[in-house]
Amino acid sequence: MSAQPVQPATPTTDLPIEPRVPERPALEGLEERWDARWNQAQTYRFDTGATRDRVYSIDTPPPTVSGSLHVGHVFSYTHTDIVARYQRMAGKQVFYPMGWDDNGLPTERRVQNYYGVRCDPSLPYEPGFVPPHDGDAKSVKAADQVPVSRRNFVELCERLSGEDEKQFEALWRRLGLSIDWSQTYQTIGSSARAASQRAFLRNLARGEVYQAEAPTLWDVTFRTAVAQAELEDRVTPGAYHRIGFHSLAADKPVYIETTRPELLPACVALVAHPDDARYQPLFGTTVRTPLFDVEVPVVAHRLAEPDKGSGIAMICTFGDVTDVVWWRELHLPTRAILGWDGRLLANPPLGLDSPGGRAVYDEIAGKTPFSARARLVELLGESGDLVGAPTPITHPVKFFEKGDRPLEIVTTRQWYIRNGGLDGGVRAALLARGRELRWYPDFMRVRYENWVEGLTSDWLISRQRFFGVPFPVWYPLDDDGAPDYAQPLAASESSLPVDPSSDTPPGYSPSQRGMPGGFVGDPDVMDTWATSSLTPEIAGGWSTDSDLFARVFPMDLRPQAQDIIRTWLFATVVRSHLEFNSLPFANAAISGFILDPDRKKMSKSKGNVVTPMGLLERHGSDAVRYWAASARLGTDAEFSEGQMKIGRRLAIKLLNASKFALGFLTEGGPRLSPEAVTEPLDRACLAALAEVVERSGAALAEYDHTRALELTETFFWTFCDNYIELIKDRVHGRAGEVAAASARAALGLALDAVLRLFAPFLPFATEEVWSWWHQGSVHLASWPSGGNLREAAAGATRDALDAAGAVLTALRKVKSEAKVSMRAEIESAEIGVPSALFAAADSAHGDIAAAGRTRVLTLTPTNADTPTIIAATLA
RNA sequence: GGGCGCGUAGCUCAGUUGGCAGAGCAGCUCCCUUACAAGGAGCAGGUCACAGGUUCAAGUCCUGUUGCGCCCACCA
């Protein structure tokens, strides 16, 4: 994406230079200026020569390019950037790539709507294809979309994604993400397809993927199988229909209650709980289905719930996943009636033989379940088998998360990856991986464990779609032209990526496609998670750049949202566990969501929608980052422009305080010599800062950015409001040159450290100030050293700073109560100081008196907790 | 039905191994301009959801209750 540089940017020196401070420092324009400079200087470029122990690698979430970025993205990507910037300053080479997710249904739909085309893998590639529309083809009906080959479709996708990527990159740059823009990938790109197919082939060779013909949850709109991870329950209205089955063993009908009477022709048994005395006499007998007159057994199973409906249920093939369990465990026959299109099959199922039953089935064949139900309810009413009126209820129904019609269950041949859903050993190993991974916050681990423990099937990775990564396999055709699915023909790894719909398997010629004795390509594509579960491998250059891969894999960090732990995180762990027998990353940082209770009100009154770029322009990027940084990982945060204003104020304060401090460092270059710091107050300030440096760095190393920011911010306000005020007189030289030099050196040392401390949070303001008096970037400077500051403090504690600040507060209170200006002079004051603080306060006596404009200041030890005003006389 | 998280000042939230309840914002009273009015000083404001228990001592640990949010769960 970015041009290749001649050589990696040299980490430039951060030696101080003669400060050049603007007359009126401002935040405006800093984003454009510094983004351009960082880009030009390759500030964030990953050094591909760094050894693994010096590398910190991040498995960045690839945003879906067909969607749009919102404040939630700004929020969580800022958290990651803070980590990246801290690790870089802590001495690591940071591998911080960016991926674009353009694989999957959202992109497929967007390409269709944008260009007016649809993907048809049976078509040949058409070089130079020009789509019928370019920009708005939403009104084009599905039937009028121009069919194109898969390769053409993928090309259009890449073209469209390219536009989105530019906008996304512009936003990330504006936000100040320190991404290495030479490291980008697309999930539908060639290398991602190759990686996805390579991983599949290796799984296949080791027996970790397999095909099975089995009942599968099926979306009738998209006409594709759906995986367990993509399901969601929606509470949906329905109705219990009480229907009588004719019993040969009992003298009256057996009543079941069902919400899906249209599945009556698919009924293969009735089931009740083995302990249910009402139905025990019927176990082992048979009943006949109403209307269809099919003889079915009455069976017992522990999953039948006595208090649900009438306590006895009909088992159909297949109405729900419980039916599948019953069917499998009780070895029942199959009477499928639903087709891939979600309509009832044209022909009645096996065993539906009576002329009367066939006549009824003919009436509903080809109908949707909805209309078949309506007709059957009529017929059941007429025959007297339906008792009373249906009882309306609401109940949870399974949906594809992107679909809007209930899922059906259809028997199909699919590919599965063994993920522990059916294998206790694999499951235990994956649970162990979950414990091996360090989670931030730790309780998110439970979501992983709950999910793995609740798996009921292997991971279904095939989708009956056209756009996506195809399975790199073909099937030999026998002499009758029937495929032999048991003997798939695998592509060679060196040929990847392949498209079996247009490429030819090894050992065959193109003319043998579809011919007896020839071959046919696997028509399906992989689930999008089957590819995005390989982001560490794709970004890290697995099998394409083994040198890079060895330096970055396993990654150090996976940042991601909490709602895709069961999908993205778990799937990535599965693939890495199978391929490398390791975790794909050592740490997982889980972000919370953004809550916006006032969004409606805000939009209404202001008449505009909150877009990320608008926020950045309105408040400044540092301000928005400050808001994001003030929320902890894993915690939902309130969208708060008020918090952004506070961040903005902080950034401006930083500019102004820096301007003040640097004003005293202009002559003869900045003075950062620790030996010059001799005054107790100055030493105390540096001692306090040393502690902040150490605690803040420790917090960032543990992904606790809120703590780090809070520590730094608290120190900074004390620094501005108390320390600077206390030394103002002295730094001007009114207490002599030695005392002035001490203050100036301390100011310089403190400012230097404070800028580094704030750099991960406020990259623009800190870089701006840094440039006033340093060569190079603050973002390539090292994290400040607490030890150096302690050395300059020469054994002092922070007590003098705290004590002097507290006494100064007392003097300010004198003026505040007298309602006079803080500049007003006090003739004389006697302040009682807690004994424990007395020596510390007394050591800064001159500074306090000067800052408090008190001609005669007397400090007296007392037993009170805080300094108290004993006597004061205004001048 | 199971699990996880949360409940602290008007609002948003800190509160570490139990040791005198904190910050910011909002509010109130003041101070204008020699780094900064997108500034500064001061003040006021809490039954730590509720009920038990452990302890010299509980916002913090244990048990239960309750409210809110999220995740999972088997559609008869």
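Note that this is a predicted model, so its numbers are computed, not measured. A note on names: the letters A, B, ... follow the listed sequences, proteins ahead of strands, and every chain is numbered from 1.
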Rounded to whole Å, please give me the gap between [atom1] in [X] and [atom2] in [N].
{"X": "F664(A)", "N": "U34(B)", "atom1": "CZ", "atom2": "P", "result": "13 Å"}
{"X": "R649(A)", "N": "C36(B)", "atom1": "CZ", "atom2": "P", "result": "16 Å"}
{"X": "F399(A)", "N": "C74(B)", "atom1": "CZ", "atom2": "C1'", "result": "17 Å"}
{"X": "F318(A)", "N": "C74(B)", "atom1": "CZ", "atom2": "C1'", "result": "16 Å"}

Atom pairs and distances, donor-acceptor, side-chain atoms in residues 307-318 of chain A, under 3.5 Å, two or more places apart:
unit_1, atom_1, unit_2, atom_2, d
S310(A), OG, Y255(A), O, 2.8
S310(A), OG, I312(A), O, 3.4
T317(A), OG1, R335(A), N, 2.7
T317(A), OG1, R335(A), O, 2.9

Please give me every residue in residues 710-727 of chain A whose heavy atoms get under 4.0 Å of an atom in RNA chain B, ordered by residue number.
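When residues 710-727 of chain A is checked for heavy atoms under 4.0 Å from RNA chain B, the hits, listed by number, are E710(A), W717(A), C720(A), D721(A), I724(A), E725(A).
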Those residues of residues 385-396 of chain A lying under 4.0 Å from RNA chain B by at least one heavy atom:
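Contacting residues: I393(A), H395(A), P396(A).
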List the residues meeting salt bridge (Lys or Arg N to Asp or Glu O under 4.0 Å) with R707(A), not counting sequence neighbours, and say none if there are none.
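Only E710(A) meet the salt bridge (Lys or Arg N to Asp or Glu O under 4.0 Å) criterion with R707(A).
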Relative to the ring of H732(A), is the ring of F660(A) parallel (under 30°), tilted (30 to 60°) or perpendicular (over 60°)?
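Answer is perpendicular, since the angle exceeds 60°.
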Is [X] touching bases, backbone alone, or none of the nucleic acid, heavy atoms closer than 4.0 Å?
{"X": "G454(A)", "result": "nothing"}
{"X": "A824(A)", "result": "nothing"}
{"X": "K653(A)", "result": "base"}

Can you check whether V693(A) reaches F715(A) side chain to side chain, under 4.5 Å on heavy atoms?
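Result no, sub-4.5 Å side-chain heavy-atom pair not found.
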Between E28(A) and H241(A), who's closer to the 5' end of RNA chain B by nearest nucleotide?
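Final value for this comparison: E28(A).
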For nucleotides 2-12 of chain B, print each protein N/O atom paired with a nucleotide N/O atom at under 3.5 Å, atom names and distance only.
unit_1, atom_1, unit_2, atom_2, d
G3(B), O2', N450(A), ND2, 3.2

Dot-bracket for RNA chain B, 5' to 3', with Watson-Crick and G-U pairs under 3.5 Å, [ ] for crossing pairs and | for other-strand pairs: what is it?
((((((((.[[[[.)...(..]]]].(((((.......))))).....[[[[[..)....]]]]])))))))....
